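What follows is a single structure, written as structure tokens, with notes after it.
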Amino acid sequence: MGNHCVFCKIIQKEIPSHLVFEDEKVLAFYDIHPAAPTHVLIIPKEHIETIEDIPAGDHVISLLAERAILIARQLKLREGYRLVINNGDNGGQTVYHLHLHLLGGRFMAWPPG
Ligand code: 5GP
Ligand code: ZN
């Protein structure tokens, strides 16, 4: 667990969050500053800082993506949604605990800003 990591504190329930999904390996909760009508963060319970830190052969990304797809279905995002990983400072990453953004409920413009 990352000592000063806000997402590890959410996993430990030291910081409250609006949970959407939880199992042994994954937690999902609503983003505190939603960028879309539906904005959920899907994170591994293991503290991994960035996609660069995923061990070779580890399937954490497919695990997060599978959960995101199930959550999108449960939240009835039938008209589509966007899955995003911001990596590093230029990628817009602000929390250094791996997470997948699930964004939906409106049309997502491309390219992003
Ligand atoms: P990043 O910019 O690293 O890709 O995304 C981090 C996300 O975490 C941001 O969208 C931000 O709003 C969200 N966030 C940061 N702190 C908290 C928090 O304490 N609770 C929740 N629910 N979301 C947070
Ligand atoms: Zn962490």
Side-chain angles (χ1 to χ4, degrees):
M1 143 157 191
N3 278 340
H4 302 289
C5 172
V6 61
F7 287 178
C8 282
K9 287 180 181 159
I10 287 175
I11 293 163
Q12 299 301 321
K13 313 270 167 35
E14 289 169 24
I15 294 176
S17 70
H18 184 172
L19 285 188
V20 179
F21 174 88
E22 179 166 18
D23 69 12
E24 194 191 323
K25 293 191 167 175
V26 174
L27 192 74
F29 51 95
Y30 286 99
D31 196 293
I32 204 167
H33 293 125
T38 299
H39 188 172
V40 174
L41 300 172
I42 300 110
I43 71 173
K45 288 192 170 173
E46 186 184 352
H47 179 82
I48 300 170
E49 291 195 1
T50 78
I51 52 171
E52 307 279 335
D53 301 303
I54 300 169
D58 188 299
H59 293 104
V60 61
I61 293 291
S62 52
L63 185 65
L64 297 180
E66 282 175 14
R67 296 296 179 271
I69 291 161
L70 288 177
I71 291 165
R73 217 170 277 159
Q74 279 162 11
L75 297 178
K76 304 192 189 312
L77 299 177
R78 293 194 185 93
E79 290 172 48
Y81 50 87
R82 182 169 289 172
L83 301 178
V84 173
I85 295 174
N86 297 323
N87 186 62
D89 294 346
N90 265 5
Q93 186 170 7
T94 58
V95 176
Y96 280 79
H97 179 128
L98 180 64
H99 52 282
L100 189 59
H101 294 260
L102 167 61
L103 298 150
R106 67 166 169 82
F107 179 77
M108 300 290 154
W110 191 264

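These numbers were taken from a predicted model, which means no experiment stands behind them. Both counts, for ligands and for their atoms, begin at 1 and track the order of listing. Just so it is clear, the values below take in all heavy atoms, side chains as well, and ignore hydrogens, waters and symmetry mates.
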Ligand-side contact atoms (ligand 1) for residue partner H33, heavy atom cut-off under 4.0 Å: 12 (O)

Side-chain donor or acceptor of Q93 paired with backbone N/O of E49 under 3.5 Å: yes

Rounded to the nearest 0.5 Å, what's the gap from CG on D53 to NE2 on H47? Could you check? 8.0 Å

With a 4.5 Å limit on heavy-atom distance, are the side chains of D23 and F21 in contact? yes

Any N or O of H39 closer than 3.5 Å to N or O of ligand 1: no

Can you tell me how far NE2 of H97 sits from CG of L27, rounded to the nearest 0.5 angstrom? 8.5 Å

Counting heavy atoms under 4.0 Å, the part of F29 that contacts ligand 1 is side chain

the protein heavy atom lying closest to atom 22 (N) of ligand 1 turns out to be Y30 O, 2.9 Å

What salt bridge (Lys or Arg N to Asp or Glu O under 4.0 Å) pairs are there with at least one residue in residues 73-102, not counting sequence neighbours? none

Out of curiosity, is G92 lining ligand 1, as in a heavy atom under 4.0 Å away? yes

Validation row, ring centre H99 to ring centre F7 under 6.0 Å: yes

Shortest protein heavy-atom distance from atom 3 (O) of ligand 1, along with the residue and atom involved: T94 N, 2.7 Å

Pair R67, E22 - check salt bridge (Lys or Arg N to Asp or Glu O under 4.0 Å), show working. CA-CA 10 Å; R67 296 296 179 271; E22 179 166 18; over 6 Å; no

To which of I15, N86, I10 does the heavy atom nearest atom 18 (C) of ligand 1 belong? I10

How does H99 reach ligand 1, by side chain, by backbone, by both or by neither, if only non-hydrogen atoms under 4.0 Å count? side chain

Please determine whether any non-hydrogen atom of H18 lies less than 4.0 Å from an atom of ligand 1. no

Say you draw a straight line from OG of S17 to CD1 of I32; how long is it, rounded to the nearest 0.5 Å? 9.5 Å

Do Y81 and T38 have side-chain heavy atoms sitting under 4.5 Å apart? no

For ligand 1, which atoms have a heavy atom of V6 less than 4.0 angstrom away? 19 (O)

Between L64 and the options I43, I85, L100, the side-chain contact (heavy atoms from CB on, under 4.5 Å) test singles out L100

In the protein, how many N/O/S atoms are under 2.8 Å from the Zn ion (ligand 2)? 4

Around atom 15 (C) of ligand 1, find the nearest protein heavy atom and jot down its residue, atom name and distance. V95 CG2, 4.0 Å

Nearest 0.5 Å, please: how far is CG in L70 from CG in L75? 11.0 Å

Closer than 4.0 angstrom: is that true for some heavy atom of F7 and an atom of ligand 1? yes

Please work out, at 4.0 Å between heavy atoms, whether the side chain, the backbone, both, or neither of L41 comes within that distance of ligand 1. side chain

To the nearest 0.1 Å, how far is atom 11 (C) of ligand 1 from its closest protein heavy atom, and which atom is that? D31 OD1, 3.4 Å

Applying side-chain contact (heavy atoms from CB on, under 4.5 Å) between H101 and each of V40, L83, I42, D31, report the one that passes. D31

Location of contacts on I32 toward ligand 1, heavy atoms closer than 4.0 Å: both

May I ask you to say whether E24 pairs ionically with K45, meaning some side-chain N is under 4.0 Å from a carboxylate O? no

